[in-house]
Amino acid sequence: MLQSESQSDLTASATPLRLELAQLSAASVTCGAHTVAFQPRNTKYPTEDRCLIEEWELPNGNWKFIGVFDGHGAGHEAVDFVVETLPGIIKASLTSEIEASDIILTSAIERILVQCISEVDDRIKDDFCKFFPGGPDQISKLSSDEIKTVIRDPETGYSFVQIMRARTGTTAIVAVIDPSKSLHIASLGDCDAVLGAKNDVGNWEVKTLSKRHNASNEAEANRIRSEHPDEVECIVQSRTLGLITLTRAIGDTLFKLPPIYTERILALSTPPFHENYNIGALLSRNITPPYLSNISEVEHVDLSSLSSDTTPMLILCSDGLSDLYSRRSHRSDISRDIEMWLTKSTPLGIDNLALSLLWDALGGNEGLEMASRLIKGIPGKRVDDTTVVVLQL
């Protein structure tokens with residue numbers, strides 16, 4: 001195990017603050033994975049991050065599933081649907097593949113992960129479009145009051161959950177460990193997966209296993225530009241259509257369907273869009289959708305190839321962790337920060353590794369004043385939801 005500092009080394013002020021952080025972030029251990037889910041104490045909004053850890057007994061042995069999902073769009077409907085459906089779809093697909101063959105290839109696992117993530121997104125879009133089977137032609141002939149009647153759930157007085165799933169969205173980082181101790185990481189959006197292991201001389205080295213699917217990634221921005229060559233505003237100020245930083249996500253049908261769906265349906269849904277949401281700009285720039293992709297990218301690691309002198313560490317997190325670190329390091333890539341956290345740690349035992357990493361990102365013992373401000377909340381400034389999972393492999 002790792003320990004960044006012994007309990008006796010904590011200053012008097014750090015001890016109660018760290019205990020408060022442990023309670024605030026619901027620090028826990030599930031199936032061997034250490035987790036935290038952090039929001040400042042004074043936040044007004046419920047967290048839109050989700051985390052799920054499961055162990056599966058499949059025909060060829062034990063598998064482990066870990067997923068971190070960063071919901072967005074001022075709602076939790078899309079991210080909740082993904083957590084409810086994606087693990088089961090992946091598990092069923094893996095089971096079918098294993099039963100059909102004596103061996104499951106890495107290429108098959110990659111195909112399953114990519115297809116299942118896309119399938120969940122397609123279901124969100126299809127369930128939304130079923131309200132108006134006649135498509136844009138039908139929508140254009142209906143009055144606003146008629147549309148409101150169609151999408152209103154009489155039991156709640158708000159729009160049907162299928163409407164809100166389409167209006168909101170989520171990123172996804174999924175880790176699957178198979179019985180042969182191979183690790184498979186599927187990323188969609190801007191969550192992070194980092195693997196830490198010691199090299200032959202005993203130094204910690206880290207490798208980023210995820211992709212950053214946002215418009216600040218020049219490769220992603222250029223991909224969207226190439227798909228929409230005559231649209232100069234497909235990327236505006238490092239945002240897709242000038243509104244969302246992401247280039248790949250589940251949900252967010254505003255960026256995947258013709259603008260009439262946003263203007264005539266989603267803009268009439270309740271609860272309404274946030275007042276700062278620039279629907280007009282989105283409508284004028286949405287010319288040849290889709291602009292957001294639902295195709296994840298997959299990395300594989302043979303864990304048996306790593307040094308046997310130490311236990312490797314897998315870290316999955318929402319982008320809130322990199323936001324916290326960037327306040328001090330001014331780096332968008334957290335791999336170096338995680339390497340430094342691992343390097344200054346000692347193998348003495350710690351109750352929750354995710355809490356230790358979160359504490360370090362907040363400033364730790366060296367930055368108690370900033371850590372205290374972030375934990376309690378800075379008036380007028382939003383701190384992004386932060387979910388961290390650390391698993392010793």
Side-chain angles (χ1 to χ4, degrees), residues 1-53 66-72 74-76 79-80 83 170-171 173 190-192 194 313-329 334 337-338 341 344-345 349-392:
M1 298 290 280
L2 295 175
Q3 183 166 349
S4 296
E5 64 284 303
S6 67
Q7 192 70 21
S8 60
D9 290 335
L10 290 171
T11 65
S13 57
T15 302
L17 189 62
R18 185 156 175 172
L19 289 173
E20 180 182 1
L21 178 63
Q23 295 175 342
L24 193 63
S25 61
S28 62
V29 180
T30 303
C31 300
H34 298 210
T35 67
V36 289
F38 170 69
Q39 277 189 316
R41 187 197 306 154
N42 73 344
T43 187
K44 300 189 229 177
Y45 307 104
T47 181
E48 294 169 350
D49 278 6
R50 298 291 186 270
C51 171
L52 186 67
I53 302 152
I66 304 174
V68 172
F69 309 94
D70 187 350
H72 55 261
H76 54 82
V79 70
D80 285 346
V83 171
T170 184
T171 63
I173 190 83
D190 57 4
C191 290
D192 292 300
V194 177
M313 295 283 177
L314 175 66
I315 295 97
L316 302 182
C317 58
S318 60
D319 67 332
L321 187 68
S322 63
D323 287 349
L324 291 175
Y325 268 121
S326 67
R327 292 171 184 265
R328 294 160 40 217
S329 66
I334 64 167
D337 296 302
I338 290 176
W341 170 69
K344 68 184 179 184
S345 303
I350 217 175
D351 288 339
N352 193 293
L353 294 165
L355 179 63
S356 172
L357 181 54
L358 175 61
W359 175 253
D360 187 66
L362 288 165
N365 292 347
E366 297 81 20
L368 285 177
E369 182 179 351
M370 177 55 71
S372 177
R373 292 179 65 203
L374 289 170
I375 291 170
K376 294 174 180 176
I378 302 173
K381 291 189 178 181
R382 184 178 182 273
V383 177
D384 197 9
D385 301 338
T386 303
T387 297
V388 182
V389 180
V390 181
L391 177 68
Q392 292 181 299

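The two residues F38 and V383 make their nearest non-hydrogen contact at CE2-CG1, 4.2 Å. Closest approach of H34 and A354 over heavy atoms only: O-CB, 3.3 Å. For L353 against W341, the heavy-atom pair with the smallest separation is O-CZ2, 3.6 Å. Contact record, L17 with L368: CD2-O, 4.0 Å, taken as the closest heavy-atom pair. For M313 against V390, the heavy-atom pair with the smallest separation is SD-CG1, 4.1 Å. Residues K376 and P40 share a closest heavy-atom pair of C-CB, 4.4 Å.
A donor-acceptor pair is defined here as one N or O able to donate and one able to accept, closer than 3.5 Å; no such pair exists between the side chain of T30 and the backbone of S28. In this structure, E48 contributes its side chain and D385 its backbone to no donor-acceptor pair below 3.5 Å.
Contact annotation: the side chain of L358 approaches that of L324 to within less than 4.5 Å [non-hydrogen atoms, C-beta and beyond]. Looking at heavy atoms from C-beta onward, T35 lies in side-chain contact with I53 at the 4.5 angstrom threshold. Residues I173 and D192 have side chains not in contact (no heavy-atom distance under 4.5 Å, counting atoms from C-beta outward). Counting heavy atoms from C-beta on, the side chains of C317 and T387 never come closer than 4.5 Å.
Screening residues 31-43 for salt bridge (Lys or Arg N to Asp or Glu O under 4.0 Å), with sequence neighbours left out, gives E20-R41. Residue pairs meeting the side-chain hydrogen bond (donor to acceptor under 3.5 Å, both in side chains) criterion with at least one member in residues 313-325, sequence neighbours excluded: D49-S318, R212-S322, Y325-D360.
Under the 3.5 Å distance criterion, with hydrogens and angles disregarded, no donor-acceptor pair is assigned to the side chains of D70 and T171.
Taking SG from C51 and CD1 from I66, the interatomic distance works out to 7.5 Å, rounded to the nearest 0.5 Å.
Applying the side-chain contact (heavy atoms from CB on, under 4.5 Å) rule to V83 yields the partners R50, L52, F69; only residues at least two apart in sequence or on another chain are considered.
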Next on the checklist: For R327 and L374: C-alpha separation, side-chain torsions, deciding distance, then whether side chain to side chain contact (heavy atoms under 4.5 Å, CB included) applies.
Outcome noted: CA-CA 11 Å; R327 292 171 184 265; L374 289 170; 3.9 Å; yes
Next on the checklist: If you apply the rule side chain to side chain contact (heavy atoms under 4.5 Å, CB included), what do you find for V389 with I315, and how did you get there?
Outcome noted: CA-CA 6 Å; V389 180; I315 295 97; over 6 Å; no
